[in-house]
2 protein chains.
Amino acid sequence: MKAIELDTRDRILDVAERLFAEHGIDAVSVRKITAAAKVNLAAVNYYFGSKDGLIGAVVERRVAPLSQRQVQALDAVRKGGKGRAPRLDLILEAFCRPMIEQAMDPKAGGAVFGRFMVRCLADPNPIVGKKVAEHFGSVGKRFYEMLVQAVPGMPQEDLWWRMHLLMGGLHHCLMILTVHKASSGRRCMKMDADKYVKRFVSFAAAALKVRI
Amino acid sequence: MKAIELDTRDRILDVAERLFAEHGIDAVSVRKITAAAKVNLAAVNYYFGSKDGLIGAVVERRVAPLSQRQVQALDAVRKGGKGRAPRLDLILEAFCRPMIEQAMDPKAGGAVFGRFMVRCLADPNPIVGKKVAEHFGSVGKRFYEMLVQAVPGMPQEDLWWRMHLLMGGLHHCLMILTVHKASSGRRCMKMDADKYVKRFVSFAAAALKVRI
DNA sequence: GTATAATTCAAACGTATGTTTGAATTCTGG
DNA sequence: CCAGAATTCAAACATACGTTTGAATTATAC
């Protein structure tokens with residue numbers, strides 16, 4: 001069961017993501033990446049122009065599709081409600097499922113993807129921060145607007161903070177879930193994703209409904 | 001209103017913490033720190049042995065007292081219960097109040113402290129991670145044990161994940177709360193801390209009580 | 001006041017970094 | 001088969017980094 005031989009560009013992207021996930025983005029040098037990927041040192045500049053270009057490409061490759069799937073899932077819930085206020089649990093599931101499922105599916109990156117994504121959400125690197133804000137901004141906006149509809153009567157400031165409490169909690173748990181597995185290469189079984197989605201949804205729904 | 005002239009060692013600690021909070025720990029060089037603190041380049045090695053020694057000292061100075069205050073607050077709640085199961089809201093408050101209060105009190109570091117602490121909790125730097133685990137380990141242990149007593153009947157695995165959802169949420173909100181203010185130098189009023197504590201406690205209590 | 005210790009300072013050291021270069025090699029279309 | 005483009009490669013570039021050094025300066029104790 002040999003891995004398919006990827007071309008230089010893709011091998012750099014994969015190796016860079018794995019090393020970024022393990023050691024943090026700014027702690028990984030171009031030399032370490034090219035050595036681990038078994039390509040020449042100059043290949044990074046040849047294909048991505050610069051180290052920053054590589055970082056941007058690695059982030060974009062994961063953040064863009066994920067945020068897009070979240071937006072689609074949220075929009076599907078809104079459409080399904082047919083004008084009525086959307087169900088809270090469906091909103092929460094649409095928000096969290098794409099990330100949890102991909103982080104637990106080895107074929108889609110699994111723990112390495114999850115750990116890398118968590119790094120991105122907390123990294124001080126300005127390129128990473130810009131890309132994350134750019135793509136997840138629309139997700140957060142939709143998520144918040146739909147929560148306002150689904151939790152009527154709650155002061156919007158309270159709801160805004162609670163949404164961020166949930167986002168931060170989800171990211172933190174994804175970190176715990178992937179921190180060991182990402183480096184050891186141990187496989188996560190996709191069937192577990194449902195369990196974690198349910199856990200998060202019931203937790204979040206209760207926390208959002210209660211009055212202060 | 002001139003600032004008190006601190007000696008070299010303390011000025012390095014203060015400036016390093018501020019720059020770490022703003023740009024991330026590994027993104028700040030010894031040269032940037034000494035230039036901003038207006039001390040000689042060699043002062044860092046003279047007082048702290050190495051850059052790693054400085055990082056350790058900066059982290060230790062904040063993490064040790066904070067974790068100690070959390071442990072004391074949690075122990076006080078346990079003692080106050082006189083053997084009975086401690087009240088959930090008091091546990092949650094003991095856990096979150098020390099951090100929120102200090103992050104909103106300009107005299108104790110305020111937003112710079114808060115942002116630095118959040119950086120520490122997510123930083124890939126091994127020295128930081130070791131110090132954080134060392135000091136906050138006992139906090140987490142106590143917090144979890146008391147939650148088990150206060151929320152009977154919940155599967156411990158569920159409770160463990162919910163605790164981490166709360167921890168991550170708190171850290172994320174502290175980041176939002178301090179991200180702008182830390183760099184702009186704007187003051188936070190201490191009187192707001194109570195509001196944020198209440199917000200977190202009611203949110204967390206509801207999220208912990210509900211059955212899956 | 002003077003000797004001793006503590007601190008500050010400018011300069012340099014060795015190393016690691018991101019990037020560039022130009023030749024060598026491999027791939028591609030006719 | 002071959003010209004031209006695409007890619008790979010070893011080597012070097014300039015810069016920034018953490019650290020060390022030894023002299024200069026300041027503070028401390030007797």
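In what follows, chains carry the letters A, B, and so on, assigned in the order in which the sequence lines appear, proteins first and then strands, with residues in each chain numbered from 1.
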Check your understanding: Among all residues two or more places apart in sequence or in another chain, which pass the side chain to side chain contact (heavy atoms under 4.5 Å, CB included) test with A/Val118?
Key -> A/Leu174, A/Met175
Check your understanding: Which comes earlier along DNA chain D counting from the 5' end, the contact point of A/Val39 or that of A/Arg31, where each point is its nearest nucleotide?
Key -> A/Val39
Practice item. Would you jot down, in residue-number order, the residues of residues 44-52 of chain B having a non-hydrogen atom under 4.0 Å from DNA chain C? Key: B/Tyr46, B/Tyr47
Determine all donor-acceptor pairs shorter than 3.5 Å in which one atom belongs to a side chain in residues 136-146 of chain A; sequence neighbours excluded.
{"unit_1": "A/Ser138", "atom_1": "OG", "unit_2": "A/His135", "atom_2": "O", "d": "3.4"}
{"unit_1": "A/Lys141", "atom_1": "NZ", "unit_2": "A/Glu145", "atom_2": "OE2", "d": "3.2"}
{"unit_1": "A/Arg142", "atom_1": "NH1", "unit_2": "A/Asp75", "atom_2": "OD1", "d": "2.8"}
{"unit_1": "A/Arg142", "atom_1": "NH1", "unit_2": "A/Asp75", "atom_2": "OD2", "d": "2.8"}
{"unit_1": "A/Tyr144", "atom_1": "OH", "unit_2": "A/Gln156", "atom_2": "O", "d": "3.4"}
{"unit_1": "A/Tyr144", "atom_1": "OH", "unit_2": "A/Gln156", "atom_2": "OE1", "d": "3.2"}

Revision key, fill the gap. Whole-Å distance, A/Lys32 NZ to C/dT17 P, equals 6 Å
**Study point:** Main-chain N/O of B/Ala37 paired with B/Arg11 side-chain donor or acceptor, under 3.5 Å
**Key:** yes
Exercise for review: Mind calculating the distance between CD1 (B/Ile25) and P (D/dG18) to the nearest angstrom?
Suggested key: 14 Å
Point to revise | Closest nucleotide among D/dT19, D/dA10, C/dT19 to the A/Asn40 side chain | key: D/dA10
Every protein N/O within reach of nucleotides 21-28 of chain D N/O, cut-off under 3.5 Å:
none

Review point. Hey, is the side chain of A/Thr8 poking within less than 4.0 Å of OP1 or OP2 on D/dT7, counting only N and O atoms?
Key: no
Practice item. Decide whether a cation-pi geometry holds between B/Arg119 and B/Phe116; the criteria are a distance under 6.0 Å from NZ or CZ to the six-membered ring centre and an angle within 45° of the ring axis. Key: no
Practice item. Please state how far atom CZ in A/Arg11 lies from atom P in D/dT7, giving the value in whole angstrom units. Key: 14 Å
Exercise for review: Would you list the pairs meeting salt bridge (Lys or Arg N to Asp or Glu O under 4.0 Å) in which at least one residue belongs to residues 30-54 of chain A, sequence neighbours left out?
Suggested key: none
Check your understanding: Are any side-chain N or O atoms of B/Asp7 and backbone N or O atoms of B/Asp10, one a donor and one an acceptor, separated by less than 3.5 Å?
Key -> yes
Practice item. To the nearest Å, give me how far apart CD1 (B/Ile33) and C1' (D/dA16) are. Key: 15 Å
Review point. Over how many whole Å does the gap from B/Arg9 atom CZ to C/dT8 atom P extend?
Key: 12 Å
Exercise for review: Quickly work out the B/Ile55 CD1 to D/dC17 P distance and round it to whole Å.
Suggested key: 14 Å
Revision key, fill the gap. A/Asp26 atom CG is separated from D/dA16 atom C1', nearest whole Å, by 15 Å
Review point. Hey, does the side chain of B/Arg162 reach the backbone of B/Ala204 with a donor-acceptor pair shorter than 3.5 angstrom?
Key: no
Check your understanding: Hey, are B/Lys198 and A/Asp158 close enough for a salt bridge, meaning a charged N less than 4.0 Å from a carboxylate O?
Key -> no
Review point. Can you tell me how far P of C/dA10 sits from NZ of B/Lys38, to the nearest Å?
Key: 15 Å
Indicate every side-chain donor-acceptor pair of residues 125-133 of chain A with a distance under 3.5 Å to a residue at least two apart or in another chain.
{"unit_1": "A/Asn125", "atom_1": "OD1", "unit_2": "A/Ile127", "atom_2": "N", "d": "2.8"}
{"unit_1": "A/Asn125", "atom_1": "OD1", "unit_2": "A/Val128", "atom_2": "N", "d": "3.3"}
{"unit_1": "A/Asn125", "atom_1": "ND2", "unit_2": "A/Asp26", "atom_2": "OD1", "d": "3.1"}
{"unit_1": "A/Lys131", "atom_1": "NZ", "unit_2": "A/Glu60", "atom_2": "OE1", "d": "3.1"}

